[in-house]
Amino acid sequence: MYAIVEDNNITQYINYPKSVVIGDVRYPAKIFQLWTQSEKEAIGIYEIIVDKTNYKDPAYYINTDSSYTFADGQVTESWGTATPKRLEDEDAVDEDGNPLLDKDGNQIINYGLKTGKKRIVKQQASGLLAPTDWYVVKATEVADYSVPSNITTYRADVRAKSNEMETQIDACTNVDELKALYEYTEQDDGTITRPLAEFPKEI
């Protein structure tokens, strides 16, 4: 992406090579491929440098809109300070601070990141348990049938890991701690692990 700078002001953005008019001269699109950087800059065409120093993972942060500046012979796209998304749930209110209620008169809740992450954990646990649910159903309907011990152990382990994950999520005091739970890193033994607990392998 390029910008046209005239009198030290950015006057136009160019997303793809095309014919451009600068001053009274029209330049063909091919100059973007054929001309050197210094040749393009000599007529005011600058490749935009992207500075993502302040840009953060949008799953955890609200980023500002980007802005463009021209300084020291360079056009830079950058972002302002990102705002962490809310961790905890909170009651929804209107502009006057009054509670927002649903059609049944119940308080509307604005859910935080923790609730969203725990919902995913519950969905994953449910998905892992579903294929073995029939063992449990059969045991309730057939008097002389018992769920195999390996199935019972597996299902208990899934639930235990689900609870462990939710406890880890609840213990986070800021967004960076929550984000770090999901970041995989290579260990000394060559394994790739993350701080958040892992579900047992499916059987």
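Both Ile22 and Phe32 belong to a common hydrophobic cluster when Ile, Leu, Val, Met, Phe, Trp and Tyr are linked at side-chain heavy-atom distances under 4.5 angstrom. Placement of Tyr145 and Ile151 within a single hydrophobic cluster is found when ILVMFWY residues are connected by side-chain heavy-atom separations under 4.5 Å, directly or transitively. Grouping the Ile, Leu, Val, Met, Phe, Trp and Tyr side chains by contacts below 4.5 angstrom, directly or via other members, places Val158 with Tyr135. Taking hydrophobic clusters as Ile, Leu, Val, Met, Phe, Trp and Tyr residues chained together by side-chain heavy-atom distances below 4.5 Å, Tyr46 does not share a cluster with Ile49. Side-chain heavy atoms closer than 4.5 Å link hydrophobic residues (I, L, V, M, F, W, Y) into clusters, and following such links, possibly through other members, connects Leu34 to Val25.
Below 30°, between 30° and 60°, or above 60°: for Trp35 and Tyr27 the angle between ring planes is above 60°, a perpendicular geometry.
For the atom pair NZ of Lys122 and CG of Asn163, the computed distance is 8.5 Å after rounding to the nearest 0.5 Å. Here the CZ-CG distance, from Arg159 to Asp157, works out to 11.0 Å after rounding to the nearest 0.5 Å. A distance of 13.0 Å separates CG of Leu100 from CG of Asn106, quoted to the nearest 0.5 Å. The structure places CG of Asn15 at 12.0 Å from OH of Tyr2, a figure rounded to the nearest 0.5 Å. With values rounded to the nearest 0.5 angstrom, Tyr55 atom OH is found 13.0 Å from Tyr61 atom OH. Rounding to the nearest 0.5 Å places CG of Leu129 at 8.5 Å from CZ of Phe199.
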Is there a side-chain contact (heavy atoms from CB on, under 4.5 Å) between Leu178 and Ile169? Walk through the geometry before answering.
CA-CA 6 Å; Leu178 180 63; Ile169 291 169; 4.0 Å; yes
Go through it in stages, so that I can follow the logic: the residues are Lys40 and Glu47, the test is salt bridge (Lys or Arg N to Asp or Glu O under 4.0 Å), and I'd like the CA-CA distance, side-chain angles, deciding distance and then a yes or no.
CA-CA 9 Å; Lys40 289 194 288 284; Glu47 185 168 4; over 6 Å; no
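Under a 3.5 Å cut-off, the side chain of Lys30 and the backbone N or O of Pro17 do not form any donor-acceptor pair. Asn174 contributes a side-chain N or O that, together with a main-chain N or O of Asp176, makes up a donor-acceptor pair within less than 3.5 Å.
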Mind listing the side-chain donor-acceptor pairs of residues 112-119 below 3.5 Å, one per line with the distance, residues two or more places apart or on another chain?
{"from": "Lys114", "atom 1": "NZ", "to": "Glu88", "atom 2": "OE2", "distance (Å)": "2.7"}
{"from": "Lys114", "atom 1": "NZ", "to": "Asp170", "atom 2": "O", "distance (Å)": "2.9"}
{"from": "Lys114", "atom 1": "NZ", "to": "Cys172", "atom 2": "O", "distance (Å)": "2.8"}
{"from": "Thr115", "atom 1": "OG1", "to": "Asp89", "atom 2": "OD1", "distance (Å)": "2.7"}
{"from": "Thr115", "atom 1": "OG1", "to": "Asp89", "atom 2": "OD2", "distance (Å)": "2.9"}
{"from": "Lys117", "atom 1": "NZ", "to": "Tyr60", "atom 2": "OH", "distance (Å)": "3.1"}
{"from": "Lys118", "atom 1": "NZ", "to": "Asp170", "atom 2": "OD1", "distance (Å)": "2.9"}
{"from": "Lys118", "atom 1": "NZ", "to": "Asp170", "atom 2": "OD2", "distance (Å)": "3.4"}

Using atom types as modelled, flag every donor-acceptor pair under 3.5 Å from a side chain in residues 185-195 to any protein atom, sequence neighbours excluded.
{"from": "Thr185", "atom 1": "OG1", "to": "Gln187", "atom 2": "NE2", "distance (Å)": "3.0"}
{"from": "Gln187", "atom 1": "NE2", "to": "Thr185", "atom 2": "O", "distance (Å)": "3.0"}
{"from": "Gln187", "atom 1": "NE2", "to": "Thr193", "atom 2": "OG1", "distance (Å)": "3.0"}
{"from": "Asp189", "atom 1": "OD1", "to": "Thr191", "atom 2": "N", "distance (Å)": "3.0"}
{"from": "Asp189", "atom 1": "OD1", "to": "Thr191", "atom 2": "OG1", "distance (Å)": "2.6"}
{"from": "Arg194", "atom 1": "NE", "to": "Leu196", "atom 2": "O", "distance (Å)": "3.4"}
{"from": "Arg194", "atom 1": "NE", "to": "Glu198", "atom 2": "OE2", "distance (Å)": "3.3"}
{"from": "Arg194", "atom 1": "NH2", "to": "Ala197", "atom 2": "O", "distance (Å)": "3.3"}

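Counting non-hydrogen atoms of other residues, nucleotides and ligands closer than 6.0 Å to CG of Asp96 gives a total above 12. Other residues, nucleotides and ligands place more than 12 heavy atoms under 6.0 Å from the CD atom of Glu90.
A 4.5 Å side-chain heavy-atom check between Ile31 and Ile45 finds at least one atom pair inside the cut-off. Counting only heavy atoms from C-beta outward, the side chains of Pro58 and Asn63 approach each other to under 4.5 Å. No side-chain heavy atom of Glu77 sits less than 4.5 Å from a side-chain heavy atom of Tyr13. Considering only heavy atoms from C-beta on, Lys52 comes within 4.5 Å of Trp79 through its side chain. Using a 4.5 Å cut-off on side-chain heavy atoms (C-beta onward), Arg155 and Val136 make contact. Residues Ile10 and Val5 meet the side-chain proximity criterion, which asks for heavy atoms closer than 4.5 Å.
Of all heavy-atom pairs between Leu87 and Thr173, the closest is CD1-C, 3.6 Å. Shortest non-hydrogen contact noted between Pro84 and Val175 is CB-CG2, 3.7 Å. The minimum heavy-atom distance linking Ala3 with Val75 is given by the pair CB-CG1, 4.0 Å. Heavy atoms only, all atoms of each residue included: Pro131 and Leu128 are closest at CD-O, 3.3 Å. Between Ala139 and Val147, the shortest heavy-atom distance links the atoms CB-CG2, 3.7 Å. In this structure, Gln107 and Ala92 approach most closely via the heavy-atom pair NE2-O, 2.8 Å.
Residue pairs that meet the salt bridge (charged side-chain N to carboxylate O under 4.0 Å, His left out) test with at least one member in residues 102-112, sequence neighbours left out, do not exist here.
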